[in-house]
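Below is one structure, written out as structure tokens; the observations come after it.
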Amino acid sequence: MRRHLKVPESLDGARLDAVLAALDPHLSRRRAKALIDRGAVYLDGRRCRLASRPCRAGAAVEVEAFQSRREEILPPVE
């Protein structure tokens, strides 16, 4: 499953890892870089492994959903 995002005007020219961190409040810039390094991020339909890649406004960003080891071990809290 992939999460689909669009780069807003306010983030035009920002680094890809900064864009991901800004668009998802639960995602740190460090975690965003790890996803990019892993090959889980696509910019305009092409896999992007460069966290410092500048993004233009309106660009499509897709992130593959990954489950952490911790989430696999611990049951969800209700």
Q.
Is the shortest side-chain heavy-atom distance between Cys55 and Leu11 below 4.5 Å?
A. no
Q: Answer yes if Leu43 and Leu23 sit in the same cluster of Ile, Leu, Val, Met, Phe, Trp and Tyr residues linked by side chain heavy atoms under 4.5 Å apart, and no otherwise.
A: yes
Q: Could you tell me whether the side chain of Leu20 reaches within less than 4.5 Å of the side chain of Leu5, counting heavy atoms only?
A: yes
Q: With rounding to the nearest 0.5 Å, note down the distance linking CZ in Arg31 to NE2 in His26.
A: 14.0 Å
Q) Is there side-chain contact between Ile36 and Arg53, with at least one heavy-atom pair below 4.5 Å? A) no
Q | Which atom of Ser28 lies closest to which atom of Ala21, heavy atoms considered | A | C-CB, 4.0 Å
Q | Contact check, side chains of Cys48 and Val61, non-hydrogen atoms, under 4.5 Å | A | no
**Q.** Cluster check Leu27, Val7: I/L/V/M/F/W/Y, side chain < 4.5 angstrom
**A.** yes
**Q.** Contact summary for Arg47 and Ala40, nearest pair of heavy atoms
**A.** NH1-N, 4.5 Å
Q) Roughly how far apart are Lys33 NZ and Arg49 CZ, rounded to 0.5 Å? A) 11.5 Å
